[in-house]
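Below, each value reflects all heavy atoms present in this structure, side chains not excepted, and no hydrogens, waters or symmetry copies.
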Amino acid sequence: MAGSVPGGGRPLILTEDPLLLDDLLRLCAAAGADPHVHHAVPEPGGTADTGGAAEPNGDAGSTGWESAPLVLVGDDAARRVRGAPRRAGVLLVGRDLDDPHVWQRAVEIGAEEVLRLPDAESRLVDRLADVVEGAGRPALAVGVIGGSGGAGASTLACALAVRAARAGERTILIDGDPLGGGMDVLLGGESAEGLRWPDFAASRGRVGAGALEESLPELHDLRVLSWDRGDRVVVPPAAIRSVVAAARRRGGVVVVDLPRRVDEAVAKVLAQLDLVLMVVPGELRSVAAAGRVAAGVRMVARDVRVVVRGRCAGGLDPESVAGLLGAPLAGEVPVEVGLPGRVAEGEPPGTQGRGALARFCDGFWERALGSAQGVPA
């Protein structure tokens, strides 16, 4: 039953308006929420008088004002709720868009938001779905982008995901580059069953976090969202935003392999990331290319850091590379001898725990996940 999933209880609806009630029940059904409905105001302490209304589970006292995770108060019931104890998670809902006194009533009952239907239907479904899914601390979302061609960003993204999963983190790896070789290929799972990006091209509105996770191929203890081998399908930016938001909603770690161009779809992803790692080889030409990429990324991303990959003969040291790009240094990843051959044989990057790449990833996650803010300074 929807009300029994992690998330802590069932939302409470307070209204005597039958048309509004029909709307609220419809939106609850869309979010997978199983509400309690009361036609009178609950008494302080969690009890409620159902006013003769049928109570789904019989015990009105167990589902009162103070214990419900979310309370939807109809405009018609706002006056009667004034004396109820103040609490978080109260929404004032109605259909009159021109009511000049709605904000006064919202203040009187301590409402967090005023939602006017039908305009705010998607927002209300989001709030209800958060209750159903148990919205808690979102996943730490890390993007990886190449500062220049062949920098090794996809390799690092894959290794970060593999190491996070091996550390016991719930992990989703997202392939953000439709023109890349496919992250499922890098993981040796191009034939694995599950949905790919083209399957989400028609998505509208909110994507369920649990449904998304269960629909994706599971490879090496992580879930991966990649592109298929068919003709490239353009996924609308709104659908991409919804999918990435769903991936983050259950916590853990989300790693996104990003293309070097920043279009509208990539901007939707960048806006949801906690941190972007830019992989840059330690030579001047690559740094020059990375400067142009960084300029586009910084327009949207809130935190961009440099990972220097290898050192060329006579090349720049990591601190100099980061200094030229004007970004903090996240670390240096030495070139790992034999890695391309192992990948070609079906061993994903990061699998070898003693390798330089795995050591970098383990150190990164130890700092990032151990930080009180989620991302190390």
Side-chain angles (χ1 to χ4, degrees), residues 139-192 194 196-197 216-227 229 247 252-260 273 275-282 286 290 305-312 318 330-369:
L140 175 61
V142 177
V144 185
I145 190 168
S148 61
S154 295
T155 297
L156 178 58
C158 184
L160 283 168
V162 168
R163 299 311 299 176
R166 293 204 168 186
E169 294 292 331
R170 170 192 170 271
T171 305
I172 296 181
L173 174 60
I174 297 177
D175 187 349
D177 188 359
L179 299 181
M183 296 303 291
D184 55 351
V185 175
L186 199 53
L187 286 161
E190 59 269 27
S191 61
R196 266 68 174 180
W197 266 121
L216 300 179
E218 184 174 8
L219 304 168
H220 300 275
D221 299 320
L222 60 92
R223 299 284 181 167
V224 58
L225 175 55
S226 190
W227 297 85
R229 255 42 69 190
V253 164
V254 173
V255 180
V256 185
D257 181 39
L258 295 163
R260 292 175 60 213
L273 300 179
L275 170 66
V276 176
L277 298 176
M278 177 174 291
V279 186
V280 185
S286 295
R305 305 184 195 182
V306 174
V307 174
V308 178
R309 183 171 178 266
R311 297 195 191 189
C312 302
E332 178 185 4
V333 180
V335 174
E336 190 169 315
V337 178
L339 179 61
R342 294 197 300 272
V343 171
E345 293 173 359
E347 182 182 292
T351 305
Q352 293 251 341
R354 295 187 299 274
L357 185 57
R359 290 198 302 273
F360 171 86
C361 295
D362 290 346
F364 171 81
W365 290 127
E366 183 178 357
R367 296 189 302 275
L369 296 170

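- We find the CG-CG distance between Leu219 and Leu186 to be 11.0 Å, quoted to the nearest 0.5 Å.
- Listed here is the closest heavy atom pair of Ala139 and Ala247: CB-O, 4.5 Å.
- When all heavy atoms of Val280 and Ala290 are compared, the pair lying nearest together is CG2-CB, 3.8 Å.
- Taking the ring pair (Phe, Tyr, Trp, His ring centres under 6.0 Å) definition, one finds that Trp365 meets it with nothing, sequence neighbours left out.
- Contact annotation: the side chain of Leu160 approaches that of Leu277 to within less than 4.5 Å [non-hydrogen atoms, C-beta and beyond].
- Taking every heavy atom of both residues into account, Gly147 and Arg260 meet most closely at O-NH2, 3.7 Å.
- For the pair Val255/Leu222, no side-chain contact is recorded, criterion being any heavy-atom separation below 4.5 Å from C-beta on.
- Within the structure, the salt bridge (Lys or Arg N to Asp or Glu O under 4.0 Å) test picks out no pair touching residues 349-359 (sequence neighbours left out).
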Quick one: side chains of residues 337-344, donor-acceptor pairs under 3.5 Å with protein atoms, not counting sequence neighbours, listed by atom name and distance.
unit_1: Arg342; atom_1: NE; unit_2: Glu347; atom_2: OE2; d: 3.0
unit_1: Arg342; atom_1: NH2; unit_2: Glu336; atom_2: OE2; d: 2.4

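- Not a single salt bridge (charged side-chain N to carboxylate O under 4.0 Å, His left out) links Glu169 to another residue, sequence neighbours left out.
- Remark: Arg223 pairs with Glu218 by the salt bridge (charged side-chain N to carboxylate O under 4.0 Å, His left out) rule, at least two apart or across chains.
- For Ser154, the side-chain hydrogen bond (donor to acceptor under 3.5 Å, both in side chains) partners are Asp257, not counting sequence neighbours.
- Nearest heavy-atom pair, Leu156 versus Val307, reported as atom, atom and distance to 0.1 Å: CD2-CG1, 4.2 Å.
- Among all heavy-atom pairs drawn from Ala358 and Gly353, the shortest one is CB-O, 3.8 Å.
- Summarising the geometry of Arg309 relative to Ala151, their closest heavy-atom pair is CD-O, 2.8 Å, with the distance given to 0.1 Å.
- Residues Val162 and Leu187 are in side-chain contact: their nearest non-hydrogen atoms beyond the backbone lie under 4.5 Å apart.
- Contacts classified as salt bridge (Lys or Arg N to Asp or Glu O under 4.0 Å) and involving residues 156-167 (residues at least two apart or in different chains) are given here: Arg163-Asp362.
- A heavy-atom distance below 4.5 Å is found between the side chains of Val333 and Leu357.
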Return a table of donor-acceptor pairs under 3.5 angstrom between the side chains of residues 172-180 and protein atoms on other chains or two or more places apart.
unit_1: Asp175; atom_1: OD1; unit_2: Asp177; atom_2: N; d: 3.1
unit_1: Asp175; atom_1: OD2; unit_2: Met183; atom_2: N; d: 3.1
unit_1: Asp175; atom_1: OD2; unit_2: Ser226; atom_2: OG; d: 3.3
unit_1: Asp177; atom_1: OD1; unit_2: Leu179; atom_2: N; d: 3.0

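- In this view, Glu332 and Arg311 satisfy the salt bridge (charged side-chain N to carboxylate O under 4.0 Å, His left out) rule, not counting sequence neighbours.
- With sequence neighbours excluded, the residues that form a salt bridge (charged side-chain N to carboxylate O under 4.0 Å, His left out) with Arg196 are Asp184.
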